[in-house]
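See below for the structure under consideration.
Residue numbering restarts at 1 for every chain, and letters A, B, ... go by the order of the sequence lines. Just the heavy atoms: all of them, side chains too, but no hydrogens, waters or symmetry mates, feed the values below.
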Protein chains: 2
Amino acid sequence: MPTIKDVAKLAGVSTATVSRAMMNPEKVSEKTRLKVELAVAESGFSPNVIARNLRRSESKTIVVIVPDIANMFFASIVRGIQQVALNNGYKVLLGDSIHTVEQAKAYMDLVRSKQADGIISLTAELPMEIRQGTEIPMVMACEYFPGFPIPTVRIDNRGSAKRAVDYLLDIGHSRIGCITGPMENPICVDRKAGYQDGLQQVNIESDEAAFEDGDFSFQSGYSAFMRLHQQYAMTALFCFNDMMALGAMKAATQLGIKVPQDLSIVGFDDLLFAEYTNPELTTIRQPQEDIGKTAANTLMKILQGGKANQDTIVPTQLLVRASCTSPKK
Amino acid sequence: MPTIKDVAKLAGVSTATVSRAMMNPEKVSEKTRLKVELAVAESGFSPNVIARNLRRSESKTIVVIVPDIANMFFASIVRGIQQVALNNGYKVLLGDSIHTVEQAKAYMDLVRSKQADGIISLTAELPMEIRQGTEIPMVMACEYFPGFPIPTVRIDNRGSAKRAVDYLLDIGHSRIGCITGPMENPICVDRKAGYQDGLQQVNIESDEAAFEDGDFSFQSGYSAFMRLHQQYAMTALFCFNDMMALGAMKAATQLGIKVPQDLSIVGFDDLLFAEYTNPELTTIRQPQEDIGKTAANTLMKILQGGKANQDTIVPTQLLVRASCTSPKK
DNA sequence: GTGAAAGCGCTAACAA
DNA sequence: TTGTTAGCGCTTTCAC
């Protein structure tokens, strides 16, 4: 593999000129630029980016920490991130933290060791240290810690959950079960609060028996519904994500509970498959790619030394499909 | 951020010794090793990996090219890759080629420019040049080109498809529709051949009207079924992946065709959601994480200068669930 | 077992 | 506009 030296020799100029011709073509005369371009083509030269990175002390790489790469919700966000990163000349290093803070920490160390310039975290399962702030250029998307000195891009979880519950209330339900996520997670706390806001507004008192925890997986939605069904008589169900909604739907079907006739279900996220469930899933849409793009743009701004918005809230939307109907009398 | 020089000064040794103490502790006396470790801890030194990479001319990074990161099928494979890569001290750079060879080429250039050591491609949409072989350490997973000088990890597509069709035949079907993928894709050619093998074995002649092309998306499965339904009377349907199977299932349901009573459906892949469709989807299981792990192990072997198997075939499995039944008389 | 020194390939002052 | 020069931070001979 030829180096910049070879090209310089071939073109009969100095390495500095070759470098300039490639990085700042306008700082070089037309003639020499052509010579250099020719030499580059002839030698098949491709600059060693590692060397460049070392010299300029930047890596043009960002790390995306996801808690679970097999979770479709994150995939779409990553796609959005990837798009703007690429447009800005950045590569995306994928970090699956598998829900452990040790892994997350390992990925954060990549910026300490200059292998990455910044981080976008799609999980709040991060080392405690960063609670007091961090010099690492970083933005969080979807998840967050309250009172955390890191810019975030997320939705109004509380308002969105309330929106879902309001809808169920509107069409006549009053006994609404709820399959939550892990309640250590602030966004779950928010969504639960939103659920309660909805009930409170119409003076229905909240019943702890209406809740069961899941962990956002299909399986957990299934088993949470099996438990919930034992302890709480309901005509509607709100799930904190689509995957659990689908799990619950399967459980209901197995129990001979018809959706939506006997049980209305609302999900959260609007994953690709939500349109293809049977019945089609009514859900709160999160603009996943937009979230990714916004997060990436925010990080780009920080990386360019700019000041980023502390928090960006992106809008959600209730998507009414076929999994809900008014309760039987 | 302190450099190795600072550590050396602090420990009262040379930079060479610090380097040795970290890379080959056994090449250094107990005493100096301790001194160095202390100095490292005290200064909070973290080696600049870029500089190391430059010096050793390796990046300890592999690139995974996926045609579509939002496709769940690839996500699980990536997870498998990530696991073994990490265990071997490699990072994973994610490359979403969005089904374009230009993007794929851009990612392949990362190894030319020393930013990555090797590539795992989950797509065959690659630049033609590599048909004549390439010096780039590379392995393909899932997809392949026939007669291609690159090690692959994949399944027996033809046999697996035949397996699916055999099953439908066994339970009494003889009119079996087929939603294929893009037929430029060799794995689709194989699967179609497998379908035909199955029919041929029981002397049913293949009918071109039984086929409709999809592109592996939910949406394409939906519309392919809508077309197929017009042109071919069938009691069973074989889809080249689960996403299209789900799309077709939705289309059938909309048309008042009951699954499985009026139409049996078999998918391919066994995505996470296949267990949660209504009815649950009978499908050919591909061991996605295993494929990823095997591909990564193969690449590791190549990177270590070893010779890799040209082709590894991993086994599939027919998963019988609820989306199929014998045809009505 | 340890240190001195060379240099990986590139970029960016600074001179000319 | 171009060349000279000095590193970026590390590893690795080669001496000692």
**Prompt:** Who pairs with A:Thr134 by side-chain hydrogen bond (donor to acceptor under 3.5 Å, both in side chains), at least two apart in sequence or on another chain?
**Reply:**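 A:Thr134 satisfies side-chain hydrogen bond (donor to acceptor under 3.5 Å, both in side chains) with no residue once adjacent residues are dropped.
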
Partners meeting side-chain hydrogen bond (donor to acceptor under 3.5 Å, both in side chains) with A:Asn71 (sequence neighbours left out):
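Once residues adjacent in sequence are excluded, A:Asn71 has no partner under the side-chain hydrogen bond (donor to acceptor under 3.5 Å, both in side chains) criterion.
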
Between atom [atom1] in [X] and atom [atom2] in [N], what is the gap in whole Å?
X        : N     : atom1 : atom2 : value
B:Arg33  : C:dT2 : CZ    : P     : 11 Å
A:Leu34  : D:dT1 : CG    : P     : 15 Å
B:Lys114 : C:dC8 : NZ    : C1'   : 11 Å
A:Lys9   : D:dG3 : NZ    : P     : 14 Å

Any pair counted as ring-ring contact (aromatic ring centres under 6.0 Å, His included), so long as it reaches residues 102-151 of chain A, sequence neighbours left out: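 Residue pairs passing ring-ring contact (aromatic ring centres under 6.0 Å, His included), neighbours aside: A:Phe145-A:Phe148.
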
Just how large is the angle between the end axes of the helix from C:dG1-D:dC16 to C:dA16-D:dT1, five pairs per end, to 10 degrees?
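Its terminal axes enclose an angle near 40°.
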
Regarding A:Asp6 and A:Lys9, does a basic nitrogen lie under 4.0 Å from an acidic carboxylate oxygen?
no

Taking NZ, NE, NH1 and NH2 as the nitrogens, is one of them in A:Arg33 or A:Glu30 under 4.0 Å from a carboxylate oxygen of the other?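 A:Glu30 and A:Arg33: salt-bridged.
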
Each nucleotide of nucleotides 8-16 of chain D classed B (base within 4.0 Å of a protein heavy atom), S (only sugar-phosphate) or -, in 5' to 3' order, makes BBBBBB---

> Are the side chain of A:Thr298 and the backbone of A:Thr294 linked by a donor-acceptor contact shorter than 3.5 Å?
Replying inline: yes

* Could you please spell out the steps behind the side chain to side chain contact (heavy atoms under 4.5 Å, CB included) verdict for A:Ile136 and A:Arg112? => CA-CA 8 Å; A:Ile136 296 181; A:Arg112 286 218 177 67; 4.1 Å; yes

Quick test of your reading: applying salt bridge (charged side-chain N to carboxylate O under 4.0 Å, His left out), list the pairs with at least one residue in residues 87-98 of chain A, sequence neighbours left out, ordered by first then second residue.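 Sorted result for residues 87-98 of chain A: A:Asp96-B:Arg79.
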
